[in-house]
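Here is the structure we will look at.
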Amino acid sequence: PSDYCPGCAPLADASGTVTFRNAGLTAQVDSGVVGGLEVTRVEATIADLKEPVIDVDAAAAGDVGAALTLLKQSPLGPTLGSQFMQLAGHGPAGYGLRLHLPTRDPRSRDYRVRVNLREVTFALPALREPVQRVSGEFVLHNLEASANSLEGSFLDVPFVLDVEPGPIGGPVSAAVVLSGHGRISGARLPAYIGLPNAVRMSGTADWNLEGRLERRAAAGNWWTGIDVSSDLRGLEIAAPRPFAKAASDPRPTRVSMAFERDGRSDVQLSSGAARARMEFARGESGRLDLERGIARFDSEPAILPARRGMAIAGEWPEFDLGEWFALGAGSGRGRRLSDWLGPVDVHLDQARVLGFKLHDVTAHLQPQPAALQVSLGGPMAEGQVTIPLESDRGVPIRIDMRRLQLQSARRPGGGTTRDTDPRTLSALSVQADDLIWQGRRFGRVRAEIAADPLGLRLASLETSSPDFTLSGSGGWLVEGATAHTRLDLHFASQDLAAASRALGYRDNVEAEAARIDARLNWLGGPSEDALSRMDGTLLLELDNGQLRNVKPGAGRILGLMSVGDLPRRLSLDFSDVTDEGLAFNTVRCDFAIR
């Protein structure tokens, strides 16, 4: 073994010649081993053994993992910073080494390493995933690095990277500048970022990279900053709105990452109208995982919260509770929504809740161990929605509202629930003290919708208001290959005209008592076009009222000649004839709906 450099791995199993000339020596080595690398050539000289300065020109080959170990254990290794000391790799490479080593003045040492990479894989904890198939030439001269068009792949898509020395001065004693471009793969991106596994991306998009590594003398360590920009054109994002994006839509995006010595990384993102800041920390697995962050859609600064999780705040254009519920449910693998989401405090121009839309809503979402709790406030809604995170669809979503005004979220020309599979929907438990649906006032509402292997069952429905009551049961079930909906409803009112007005109908019929029993069924699910597909029966009973729009004629003559009204006539009461419309004592109707 030969020790040619203090702190360096020795040269072993060397074969060659050493020539002493006057006060110096020259060594020619044809083979040998240094730390697992096969040495193919070494030329070493010491011009004057009294003032020893070692000059080495060598070539070697072997696995890049062994070369990284050699470099880390050399005097140069610690000066390259903590990020480099965490770098690992494997794959074949060729090496050229030139050393100028004044033994009495370590500060004057000069190192130059030239590496030819051949389909090499590198791993760095900060990158979370390995960089693969890296090929090209990389040169390290002391603390200066350079490379021209290194090629490789990340997340299974190719990239090209250039490296060159950067400007120094002030506190910066060394710098490296990175520039590159490539494509990003949507298929693996959600898992790489650490998003819930229900978020899906597909397609690819071009990106550009600019980076800088600086050794700051005061801290004695390296700081790394990387900016990645892309318009995301070609990348489709299936996620809750407003994060969702079609592949053809551009969305200018910039991600700035700063990697610190303590294993943390700070990430700032701007994408379309969204801005976010996140802090990642190394977990027990050694991977960097999201520790805290914030996302906003307004002009306020994105300041990191003190507590863990991803907080969401500000003015949002829209919010769909069902889409967020899908995130929370997950698939049993990977991270769930509750694993990373922090509190949500947003004002929504428009919110979509279970097929309905609300305007001007303030929403506060608080993740709990077993559920997401959403508090809603505004002119259309006031109350709370609790969404279970259990994968069991039998655990109901609970809606408990003091005030709820619903409008259909169906867009003109949009689809209906006809093709929805009710076997995929969760149970519901609904309570509302004041429900208005499509302008119809139902008053106090209680409903229990249970999950069934065949779909959903309406176990109970009860509404009560000053003008009417409504009760019912039913189901939305798949029978064979087709979904069917069935409803049994009972309506009762002591003031039919007032009830008609509350339900948005014309008050052309007055009655002191009204009862309606309906048994209805149709193909598909509940939707606005169900009436056109409906079959069933309807029984209508009215007592002591008046048909206000009946014109003078036979109807009034019938009223005048009614034997049942003889006591009224004897008391000289002809108001049912002289007033507008046709008075009645009872109306009984049976309807068949086809």
Side-chain angles (χ1 to χ4, degrees), residues 195-196 198-199 239-244 274 276 292-298 305 307-330 335-409 424-437 445-449 451 456:
L195 298 176
V199 174
R241 283 167 284 186
F243 298 104
R292 57 184 182 141
I294 186 169
R296 305 192 69 102
F297 278 83
D298 54 23
R307 61 183 298 175
R308 293 178 62 89
M310 187 72 183
I312 301 176
E315 299 281 341
W316 275 38
E318 57 183 330
F319 179 93
D320 191 312
L321 188 62
E323 294 173 346
W324 285 88
F325 172 65
L327 287 188
R335 304 189 76 195
R336 299 188 309 173
L337 181 65
S338 58
D339 296 331
W340 62 270
L341 185 64
V344 176
D345 285 289
V346 295
H347 177 266
L348 310 169
D349 293 338
Q350 179 173 286
R352 294 174 182 267
V353 180
L354 305 176
F356 299 95
K357 60 183 177 181
L358 305 171
H359 300 286
D360 190 17
V361 179
T362 299
H364 174 79
L365 186 151
Q366 182 64 54
Q368 301 293 332
L372 300 177
Q373 289 189 348
V374 184
S375 297
L376 301 175
M380 298 181 67
E382 183 180 359
Q384 189 172 83
V385 179
T386 303
I387 306 171
L389 295 176
E390 298 288 341
S391 57
D392 182 3
R393 56 186 286 263
V395 180
I397 301 174
R398 298 193 176 276
I399 302 175
D400 189 358
M401 308 296 291
R402 290 177 292 278
R403 178 179 65 256
L404 185 59
Q405 182 176 339
L406 298 176
Q407 295 179 1
S408 173
T424 65
L425 303 179
S426 295
L428 285 174
S429 177
V430 181
Q431 298 187 51
D433 294 336
D434 184 11
L435 174 66
I436 301 175
W437 172 45
V445 175
R446 299 289 183 269
E448 297 294 333
I449 302 174
L456 295 175

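Numbering starts at 1 and runs along the sequence shown.
- Atom NE2 of residue His364 and atom CD1 of residue Ile312 lie 12.0 Å apart, to the nearest 0.5 angstrom.
- Atom CD1 of residue Ile449 and atom OG of residue Ser426 lie 11.5 Å apart, to the nearest 0.5 angstrom.
- A heavy-atom distance below 4.5 Å is not found between the side chains of Ile399 and Ser429.
- Partners of Gln373 under the side chain to side chain contact (heavy atoms under 4.5 Å, CB included) rule, at least two apart in sequence or in another chain, are Gln368, Gln384, Thr386.
- Residues that satisfy the side chain to side chain contact (heavy atoms under 4.5 Å, CB included) test with Asp360, not counting sequence neighbours, are His347, Pro379.
- In this structure, the separation between CG on Asp400 and CG on Leu376 is 11.5 Å, given to the nearest 0.5 Å.
- Residue Ala239 comes nearest to Ala244 through the heavy atom pair O-CB, 3.2 Å, listed as atom of the first residue, atom of the second, then distance.
- How far CG of Leu435 is from CD of Gln405: 9.5 Å, rounded to the nearest 0.5 Å.
- Put simply, CG on Asp349 and CG on Leu358 are 12.5 Å apart, with the number rounded to the nearest 0.5 Å.
- Between Pro343 and Gln366, the shortest heavy-atom contact is CB-OE1, 3.7 Å.
- Among residue pairs with one or both ends in residues 366-383, those qualifying as salt bridge (charged side-chain N to carboxylate O under 4.0 Å, His left out) are Glu382-Arg402, Glu382-Arg403; sequence neighbours excluded.
- Counting all heavy atoms, side chain and backbone alike, Gly314 lies closest to Asp298 at CA-OD2, 2.8 Å.
- Annotation for Gly394 and Ala451: closest pair CA-CB, 3.9 Å, computed over non-hydrogen atoms.
- Separating the CZ atom in Arg308 from the CZ atom in Arg292 is a distance of 10.5 Å, to the nearest 0.5 Å.
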